[in-house]
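Below is one structure, written out as structure tokens; the observations come after it.
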Amino acid sequence: MATLSASPSPNPNPNPNPNFRSPTDQTDHDPESLPQMELHPSSDQDPTPNSNRNFHAVLPTPPEATAPAAAAAPSLLHISFNQDHGCFAAGIDHGFRIYNCDPFREIFRRDFDRGGGIGVVEMLFRCNILALVGGGPDPQYPPNKVMIWDDHQSRCIGELSFRSEVRSVRLRRDRIVVVLEQKIFVYNFADLKLLHQIETIANPKGLCAVSQGAGSLVLVCPGLQKGQVRVEHYASKRTKFIMAHDSRIVCFALSQDGQLLATASSKGTLVRIFNTVDGSLLQEVRRGADRAEIYSLAFSSNAQWLAVSSDKGTVHVFSLKINGGSPGIDRSQSASDPVTSPHSSLSFIKGVLPKYFSSEWSVAQFRLVEGSQYIVAFGHQKNTVVILGIDGSFYRCQFDPVNGGEMTQLEYHNFLKPEAAF
């Protein structure tokens, strides 16, 4: 296994980066549920890995001083939130960076001295384990490999190889999920043992979602038909197929406990919320009337709100009206809860006019640059959302849960600017 930096300190419990927590830190995690991967060798599931000679045969060791690499603004290859939306990771053309959302600051970076493009960075909450996949014109690793990086040891402690490019990776404390174009692999985190393989329809975006609650694993991925999603309930060993849309699925999100699923299709006008247990449609909300590309969907931690970002340059927040009428779900709202999503003013004649006029619309909105790509999540402060742009923009906004309307911008940064002070 090639190392990316100098050998770890002789200290029996080194922690070169105090911003990452140890896998056995009891503040955030149950120590019995976290991976202890340093005890296990790397794994190669594919006897014929990609041998493209454009990739580095020997992985470069990052220098101690990285000032030259920081002289110019990097090219952003990837952005994603961690599992609780408190941090986000950015893969760039010569390394990767980790940022805290509130307060906003850069907490970690690793720059490589030659090449070094990282196309996927998947965090595991705030602990020291990361999953990395090479990307960009000069990848640090072949894009058909998932490298498991331990920042306490400053090296890769495992790898998974495949016959085709990795589209995305999802991490849980007990599982690694690797998404290829038409297949998904589920591994045990402790020993990299392959547990499950799933066939999907063509999935170039690497769509996949896994529950992050303390309970059993729920995994959602595209099915084998256009508009279909597949839900795997691993505790009950049940598979549920949901025909969510007539058009191709382009985005979906799971609630933390895995009981609610929000989906959007290539039309981008409607978002549907399903019960993952029985597949029933619980609610349908409308982003707009014209076609749009949905970039991200996100539930709030209590599944009371749903945020949506699209290429129309607007982030919408919808109120969810989930009640106890569906199996396994009890989120009934009390009289003191916020107002629900507004309806069209013509909804009183919904039996005569098209369905558009009786749609549920967003409670709050935030305007951005149209055409640019943004992802969204709910902040840790009440009624706040965090928005990340592929141009390096970071917004933190607040919405009024009662009166709705335009959100208030609380904060803005460009996290790619080298002169930015963190």
Side-chain angles (χ1 to χ4, degrees), residues 29-30 32-35 83-84 122 124-125 131 167-180 182-201 203 205-245 249-265 271-284 297-304 306 320 322-332:
H29 310 302
D30 174 3
E32 294 182 356
S33 69
L34 282 158
Q83 291 83 353
D84 66 4
E122 179 74 0
L124 181 60
F125 291 89
R167 299 301 185 185
S168 67
V169 182
R170 299 288 181 263
L171 297 183
R172 273 175 53 105
R173 295 169 181 139
D174 56 352
R175 297 289 184 268
I176 301 174
V177 180
V178 181
V179 185
L180 309 183
Q182 291 186 284
K183 189 171 285 189
I184 293 176
F185 296 90
V186 181
Y187 297 89
N188 186 44
F189 213 146
D191 56 9
L192 299 184
K193 179 182 178 181
L194 180 62
L195 302 177
H196 193 202
Q197 297 184 48
I198 302 172
E199 302 281 345
T200 71
I201 198 171
N203 184 18
K205 289 186 173 183
L207 300 179
C208 184
V210 295
S211 61
Q212 294 295 339
S216 61
L217 170 61
V218 178
L219 182 149
V220 176
C221 63
L224 288 169
Q225 303 177 40
K226 181 179 69 174
Q228 183 187 69
V229 290
R230 173 174 178 160
V231 183
E232 291 288 335
H233 294 272
Y234 283 92
S236 59
K237 298 181 180 179
R238 293 177 59 245
T239 301
K240 185 70 182 178
F241 291 94
I242 302 173
M243 282 304 303
H245 299 270
I249 301 289
V250 298
C251 193
F252 51 68
L254 266 179
S255 58
Q256 288 280 331
D257 59 10
Q259 293 191 36
L260 298 178
L261 169 68
T263 66
S265 75
V271 176
R272 292 178 173 140
I273 297 91
F274 295 91
N275 177 354
T276 62
V277 177
D278 61 9
S280 60
L281 176 62
L282 301 176
Q283 193 172 346
E284 181 178 274
L297 300 168
F299 286 96
S300 62
S301 59
N302 61 359
Q304 191 174 15
L306 179 73
L320 299 183
I322 308 304
N323 55 46
S326 300
I329 294 179
D330 185 10
R331 293 185 177 87
S332 56

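Numbers here are sequence positions counted from 1.
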Which heavy atom of [X] sits nearest to which heavy atom of [Y], and what is that distance?
X	Y	result
Ser255	Phe299	N-CD1, 3.5 Å
Ala264	Leu297	N-CD1, 4.1 Å
Leu260	Ala303	CD1-CB, 3.7 Å
Arg238	Val277	NH2-O, 3.5 Å
Ile273	Leu320	CD1-CD2, 4.0 Å
Leu194	Gln197	CD2-NE2, 3.6 Å

Rounded distance (nearest 0.5 Å) linking atom [atom1] of [X] with atom [atom2] of [Y]:
X	Y	atom1	atom2	answer
Leu261	Leu281	CG	CG	10.5 Å
Asn203	Ile184	CG	CD1	6.0 Å
Lys205	Ser168	NZ	OG	12.0 Å
Phe185	Leu195	CZ	CG	12.5 Å
Thr263	Met243	OG1	CE	10.5 Å
Asn188	Asp174	CG	CG	7.5 Å

**Request:** State whether the side chain of Thr276 and the backbone N or O of Gly258 hold a donor-acceptor pair below 3.5 Å, judged by distance alone.
**Result:** yes
**Prompt:** So, Arg175 side chain and Leu217 main chain: donor-acceptor pair closer than 3.5 Å or not?
**Reply:** no
In chain order, what residues pass the side-chain contact (heavy atoms from CB on, under 4.5 Å) check against [X], with sequence neighbours excluded?
X	result
Gln83	Glu122, Leu124, Phe125, Leu171, Gln212
Ser265	His245, Ser247, Lys267
Thr239	Arg230, Glu232, Phe241

Apply side chain to side chain donor-acceptor pair (under 3.5 Å) to [X] and list each qualifying residue two or more places apart in sequence or on a separate chain.
X	result
Ser300	Asn302
Lys226	none
Glu199	Lys183
Arg167	Glu181

Got [X] and [Y] here, is their nearest side-chain heavy-atom distance under 4.5 Å?
X	Y	value
Arg172	Ser211	yes
Thr200	Leu207	no
Pro222	Ile201	yes
Phe274	Val231	no

**Message:** Show, in sequence, the C-alpha distance, side-chain angles and deciding distance for Val179 and Cys221, and conclude whether the side chain to side chain contact (heavy atoms under 4.5 Å, CB included) test is met.
**Reply:** CA-CA 9 Å; Val179 185; Cys221 63; over 6 Å; no
**ring-ring contact (aromatic ring centres under 6.0 Å, His included) contacts in which one or both residues fall within residues 207-228, not counting sequence neighbours** = none
**Message:** Would Val169 and Ile176 count as a side chain to side chain contact (heavy atoms under 4.5 Å, CB included) here? Give the steps.
**Reply:** CA-CA 7 Å; Val169 182; Ile176 301 174; 4.3 Å; yes
**Complete:** Across all chains, not counting sequence neighbours, the ring-ring contact (aromatic ring centres under 6.0 Å, His included) partners of Tyr234 are His196
